[in-house]
Amino acid sequence: MAGIELKHIQKAYTVDGWTFPVLKDICLQIPENRITVLLGKSGCGKTTLLRLVGDLEEPNGGEIHFAVTHKTAFVFQEPRLMPWLTVWDNTIFGLKKQSYDTGEIQALLETVGLDGFQKAYPHQLSGGMQQRTAIARALAYAPSFLLMDEPFAALDHFTRTQLQKELIRLQKSQNTGILFVTHSIDEALLLGHKIAFLEDGCIKKEFLLDTDCENRDLLSKELIELKREILAQLHL
Amino acid sequence: MAGIELKHIQKAYTVDGWTFPVLKDICLQIPENRITVLLGKSGCGKTTLLRLVGDLEEPNGGEIHFAVTHKTAFVFQEPRLMPWLTVWDNTIFGLKKQSYDTGEIQALLETVGLDGFQKAYPHQLSGGMQQRTAIARALAYAPSFLLMDEPFAALDHFTRTQLQKELIRLQKSQNTGILFVTHSIDEALLLGHKIAFLEDGCIKKEFLLDTDCENRDLLSKELIELKREILAQLHL
Amino acid sequence: GCGTAEDTSSLDSLTFTYVTSPLNLPSIVEKEEGIFTKAFADDGIEVKYAEITSGADQTQALAAGDVQVLYAVGATSVILSAANDADIKVLNMYSRSPKAFCMYSKDESISSPADLRGKTIAGPVGTNLHELLAAYLATADMTVDDVNFVNMGIPEAKAGLEGGSVDVALLAGAAAYQTQQQGYHLITDGEGLINAIIAVAVTNKFYEAHPEIIEKLQSAQAEIADFMQNHEQEAYEMAAAELDLDVDAVKEMAQYYDFSTEITAADKEGFQRTADFMYQAGMIEKELDVNTLF
Amino acid sequence: MKKIHSAFAPFLGILLLLAVWFLLCRAEIFSPYLLPTPQKVFDSFLRMLFSGELLRDVLISFIRILKGFCIAFLLAFLLGMFRTLLPAAEKYYDAIVQFFRNVPPLSLIPLLILWCGIGETTKTVIIVLASFFPMYLNIVKGFTGCDQRLLEVGDAFGYTKFEKFRYILLPYASADILVGMRIGMGYSWRAIIAAEMIAASSGIGHLILFAQQLSRTDKVIVGIFVVGLVGLATDKCFGFLLKKLFKGNGENGWN
Amino acid sequence: MKKIHSAFAPFLGILLLLAVWFLLCRAEIFSPYLLPTPQKVFDSFLRMLFSGELLRDVLISFIRILKGFCIAFLLAFLLGMFRTLLPAAEKYYDAIVQFFRNVPPLSLIPLLILWCGIGETTKTVIIVLASFFPMYLNIVKGFTGCDQRLLEVGDAFGYTKFEKFRYILLPYASADILVGMRIGMGYSWRAIIAAEMIAASSGIGHLILFAQQLSRTDKVIVGIFVVGLVGLATDKCFGFLLKKLFKGNGENGWN
Ligand SMILES: Nc1ncnc2c1ncn2[C@@H]1O[C@H](COP(=O)(O)OP(=O)(O)OP(=O)(O)O)[C@@H](O)[C@H]1O
Ligand SMILES: Nc1ncnc2c1ncn2[C@@H]1O[C@H](COP(=O)(O)OP(=O)(O)OP(=O)(O)O)[C@@H](O)[C@H]1O
Ligand SMILES: [Mg+2]
Ligand SMILES: [Mg+2]
């Protein structure tokens with residue numbers, strides 16, 4: 001079976017001597033070449049789950065199976081840019097010394113709307129621009145699997161729509177697998193092939209969408225129905 | 001005339017030796033005891049404008065008139081918590097050594113959903129929790145004027161709705177003036193008495209809403225109409 | 001450090017330098033027996049000690065007024081300070097010990113000044129040992145420039161000799177004694193070459209302002225000499241304890257020292273010889289008539 | 001197994017050193033005068049320990065160092081603070097501070113004797129000179145390197161300059177200050193010989209110097225060991241104390 | 001007006017010092033033996049300058065210091081790097097490093113002569129001993145204090161340990177490393193007397209020491225001034241060079 005499989009994952013943290021479980025028993029199948037969206041309340045453990053999948057942290061229990069070795073890129077919740085590098089250098093940070101096509105990077109920066117700021121340092125950027133640089137850094141890496149932690153939270157309506165489209169295009173053309181954390185139900189409905197709803201340390205519910213993301217209409221009967229269902233879940 | 005008045009404000013930044021104007025000619029009247037919402041694309045200068053109003057930066061030209069001396073609090077776009085202080089200590093950071101009511105602070109932390117995390121350090125919090133701590137810090141200060149830079153961007157649907165309600169309640173009971181930056185048009189419509197739309201270094205358009213914020217229904221004909229108008233502006 | 005302490009005619013304390021190495025028996029005996037303390041107790045003057053070993057620092061401290069009596073200071077240091085216009089007066093002698101200043105090497109074949117040509121020789125500049133080297137070389141019409149003289153302290157010179165990076169070391173005191181015990185080759189000692197004078201010195205100003213103290217000091221020194229004569233063994237034991245050496249070693253080394261305090265014509269001559277040497281070596285910039293020192 | 005190994009590790013280096021020393025003496029490459037055998041040194045150590053002289057000397061030096069170190073720290077801290085609160089004042093004294101930073105304290109001894117006499121003052125001043133600069137530079141670095149964004153939070157909440165200093169700059173700079181203090185403490189101990197060169201009759205520096213003059217290499221080595229170990233111990237105690245004091249900072253992943 | 005004032009400020013402190021000195025000599029509180037007049041010192045300075053001896057001495061000392069400093073920096077950097085890349089190795093040598101950090105270099109001179117002779121090696125070693133520790137501690141602090149969140153970015157992009165070191169740790173720690181280097185450079189100059197105590201026949205440290213032994217306070221003061229000024233100049237050049245090298249860092253508001 002392709003993709004990534006989480007089996008009975010547990011993770012606990014200790015704060016002030018008091019240990020509490022964040023993830024209690026996560027079973028989740030993340031398909032390859034598809035967009036999986038993770039929904040959940042603030043502080044429910046979405047970032048933690050992403051970090052486990054991205055191998056930045058070890059689970060306390062359970063297993064994670066990777067079908068193939070992925071070239072993974074991570075968009076963190078905060079921009080995490082290197083303050084001593086310009087936008088350009090931050091963008092190619094993931095590429096290390098390996099050769100890259102200058103034109104491609106330039107096109108990428110244009111896509112995220114940072115053209116003209118190639119030589120600016122992070123502290124000279126607005127919050128949204130920093131986040132976009134971080135997205136550009138992850139995309140420049142040309143990953144086969146992309147982990148994104150609320151990447152569009154700091155962006156305005158239109159920039160957001162534009163990048164969502166870009167993401168869908170990328171996913172289709174490169175067959176990239178994406179695990180996407182968001183707070184916005186609309187965004188989840190627009191992007192996800194699979195929507196997982198995280199609550200109380202478990203995956204409470206999964207929704208599968210079979211329409212192609214490219215042609216989704218939020219006002220279609222199907223999606224309105226689904227949205228209602230999700231909202232009902234949240235009210236629990 | 002009460003409130004804050006910006007007259008022909010200009011502000012330019014220099015990046016890599018190239019000076020570009022961010023704010024070109026801002027004229028804006030920010031009423032006292034009301035919520036003013038600032039809308040605009042990412043990177044258009046919203047944070048810059050807020051910083052000017054908050055006296056963290058000097059304009060290159062123009063004048064800012066304050067009707068009365070305000071006790072101003074600032075919620076930055078990033079959490080900006082002191083890493084060496086616990087959530088509790090960060091919350092009372094604005095109060096310095098002045099006396100405060102422990103019960104009130106506790107109630108505030110419960111409102112923002114951080115009960116139980118009083119002794120946690122910022123690096124032990126999720127992104128949304130950090131942002132909520134920053135909001136609690138500003139509210140604990142009991143300001144007469146509150147500047148908020150995308151305070152709810154990192155929050156999920158429900159936490160966000162809850163805090164929006166809390167903000168409206170606070171504004172009513174304390175008569176606090178609020179300048180609120182957001183990317184969400186819905187949020188603007190829910191909260192604002194006045195919505196200012198920033199584009200290309202100028203206030204392109206202002207909208208005044210006279211219904212009481214408490215009873216707004218986003219699906220009311222009036223607001224749908226307004227939303228359409230704003231979206232049209234954005235498409236320019 | 002108030003430079004004007006000595007101006008007040010009534011002193012309430014008197015600071016002596018206290019130097020025990022290489023083998024300053026009078027100082028050790030004096031302190032152990034409390035001779036100065038007793039002598040000045042009647043006048044209500046408190047006796048204090050300052051352990052300053054470096055000659056240059058001693059004369060500095062004297063000029064600064066922190067110390068009133070340099071009890072055991074090398075003739076070279078006295079001359080240097082006088083040549084640089086400091087106010088200094090030699091009260092009496094402390095010791096002469098030409099035989100305690102030696103030149104050692106590992107190489108048995110060195111037996112004349114000519115053999116030293118081009119060799120690396122280590123010792124402290126501007127001291128009796130430096131003068132010893134110059135005087136020894138002068139016997140064969142050579143100068144210090146004919147050898148590779150390097151400036152370093154006695155412990156360092158000894159370490160250099162041992163480690164092999166130095167051909168000849170100029171040594172005195174315990175280091176010289178040990179080197180001899182180790183069986184190194186003695187090239188020469190100071191006998192007949194230098195006078196190796198150590199003196200007791202004060203400032204002229206002090207000398208004139210406090211004749212009664214000078215007088216007491218002289219009689220107290222006589223008392224020390226008496227003690228050393230009558231309780232020789234005891235004095236050696238005191239020194240051995242103070243310096244943490246064997247009594248036998250102390251006895252052996254003490255032979256080289258003449259502790260009589262009297263200033264003889266030979267001493268004055270020795271002073272002049274040292275002053276001339278220093279002038280010729282460029283260590284002082286003008287000729288000094290040592291009679292102004294006494 | 002692994003734990004024992006780990007506890008043992010710090011001593012491994014030292015043991016190796018001792019082993020080399022022992023073998024060198026065994027091979028009789030150097031005369032015992034220059035490199036006394038470990039046994040002889042240990043004997044001397046015991047003798048000095050039991051006669052009480054060692055303890056007394058260490059104590060005296062320790063008090064001197066503490067005095068000098070405290071003065072140096074206060075000075076460095078105040079000047080650093082002054083410079084931070086009043087950046088305009090800095091250029092008046094910076095040149096002098098920078099000048100003296102490069103001057104060998106040994107060269108100042110004659111002048112120090114002149115100004116401060118031959119008493120404790122001179123010794124203290126030498127220790128101050130030795131430990132002031134690393135502390136000052138680290139403190140200044142800590143203060144100037146503070147995250148501007150956090151300082152702005154202070155501005156936003158109406159903090160005065162001094163309050164910003166106290167509640168933001170100071171905690172932020174604490175890591176730098178601590179490193180400065182540790183370096184400064186080390187340099188205080190290192191300066192003990194220079195300090196006790198002048199008219200000292202006791203102290204571990206005097207002990208080493210005196211032994212050197214009398215060619216007692218065994219005593220010199222005992223002295224070196226004692227200074228090194230006592231310095232190490234002070235450093236550890238010091239680190240421990242500071243950890244307690246700055247508890248919040250040490251354990252929040254911040255330092 | 002304000003600009004002139006500001007350019008003048010650094011000299012104000014120095015001028016004040018000179019004025020006090022001049023007045024003290026005028027008042028004849030101290031004998032000229034202890035505190036020569038500024039004129040006399042200036043005369044000596046000119047004489048030494050024109051005879052060329054001063055320049056030669058400074059140059060020789062400068063080369064020595066550069067040598068010692070470079071070795072010390074390399075050592076400190078490599079050990080710091082080693083410790084960062086291989087944290088397990090640290091405990092093996094940390095105890096020894098910490099031990100020697102507190103040992104006065106003056107006490108080691110006889111042992112150094114024994115091991116390294118009286119040539120340049122010993123002098124270099126003394127300078128290395130003087131400047132190694134502040135650099136090492138600052139470098140270690142810089143490396144260990146690195147923001148974990150940025151290091152995780154490296155992990156996320158599949159950086160190796162070494163790459164993380166090179167591209168994240170190193171730039172991040174550069175401020176700390178620079179402060180360490182400046183302190184280390186200062187300490188190199190300060191050690192010049194101790195270094196040239198041993199069998200030197202030239203160098204500014206030797207000049208001061210020799211003048212001291214010959215009670216030539218005027219020459220000592222000239223030496224002190226020259227060391228202080230040359231040190232100051234090295235420091236400034238050094239700061240300038242490093243600013244050029246680390247250009248990106250210096251001007252992005254990060255340092
Ligand atoms: N290093 C840590 N130490 C202790 N607790 C932690 C740590 N990291 C996260 N936590 C806790 O784990 C819980 C989940 O955090 P996580 O960051 O995964 O939330 P999240 O779902 O991403 O929230 P948000 O939407 O606000 O980003 C929180 O309660 C947080 O306090
Ligand atoms: N310190 C600075 N130096 C140079 N340029 C700056 C600086 N701060 C902001 N800018 C520039 O000013 C512009 C506006 O920035 P600002 O932070 O006000 O945007 P914003 O409207 O808040 O955007 P966002 O919604 O992404 O936060 C950006 O183009 C940014 O690059
Ligand atoms: Mg998160
Ligand atoms: Mg912004």
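Because only heavy atoms are used, hydrogens play no part in the values below, and waters and symmetry mates are left out as well, while side chains stay in. To find a chain, count down the sequence lines: A is the first, B the second, and so on, and within it residues start at 1.
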Problem - Distance, nearest 0.5 Å, that separates CZ of E/Phe99 from CZ of D/Phe225 - result: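 Reported value, rounded in 0.5 Å steps: 5.0 Å.
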
Handout entry: From CH2 (D/Trp115) to CG (E/Leu35), nearest 0.5 Å
Key =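 Interatomic distance, D/Trp115 CH2 to E/Leu35 CG, rounded to 0.5 Å: 6.5 Å.
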
Handout entry: Which of E/Asp235, E/Ile192, E/Leu108 touches chain D most, by non-hydrogen pairs under 4.5 Å
Key =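 That would be E/Asp235.
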
Practice task
Return the option, out of E/Val140, E/Leu17, E/Ile193, with the maximum number of heavy-atom pairs under 4.5 Å with chain D.
Solution key: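 When all of E/Val140, E/Leu17, E/Ile193 are compared, E/Ile193 has the most.
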
Going by heavy atoms in the side chains, are [X] and [Y] under 4.5 Å from each other?
X	Y	value
E/Pro104	D/Val227	yes
E/Asp176	D/Asp176	yes
E/Leu111	D/Ile224	yes
E/Gln212	D/Leu106	no
D/Arg190	E/Leu129	yes

Exercise for the section: Below 4.5 Å from any heavy atom of chain D, which atoms of E/Pro134 appear? Answer side chain, backbone, both or neither. Expected result: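 Answer is both: backbone and side chain atoms of E/Pro134 are under 4.5 Å from chain D.
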
Exercise for the section: Please flag which part of E/Leu24 lies under 4.5 Å from any non-hydrogen atom of chain D: side chain, backbone, both or neither. Expected result: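 Answer is side chain: those atoms of E/Leu24 sit under 4.5 Å from chain D.
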
Problem - Within residues 219-229 of chain D or reaching into it, pairs that qualify as side chain to side chain donor-acceptor pair (under 3.5 Å) - sequence neighbours excluded - result: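 Listed once each, the pairs are C/Asp244-D/Lys219.
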
Pick from [options]: which one has the most heavy-atom pairs with chain E under 4.5 Å?
options	value
D/Gly180, D/Ala130, D/Ser188, D/Gly223	D/Ala130
D/Phe133, D/Tyr187, D/Phe100	D/Tyr187
D/Asn138, D/Ile208, D/Leu209, D/Thr217	D/Asn138

Handout entry: E/Arg101 side chain to D/Arg182 backbone, donor-acceptor under 3.5 Å
Key =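 Between the backbone of D/Arg182 and the side chain of E/Arg101 there is a qualifying donor-acceptor contact (under 3.5 Å).
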
Exercise for the section: Heavy-atom distances under 4.5 Å only: say whether D/Leu207 touches chain E with side chain, backbone, both or neither. Expected result: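 Neither part.
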
Problem - Interface moiety of D/Val220 toward chain E, non-hydrogen atoms closer than 4.5 Å - result: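 Contact with chain E involves the side chain of D/Val220 alone.
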
Handout entry: Heavy-atom closest pair, residues D/Leu232 and E/Asn102
Key =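 Between these two residues, the closest heavy atoms are N-ND2, 3.3 Å.
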
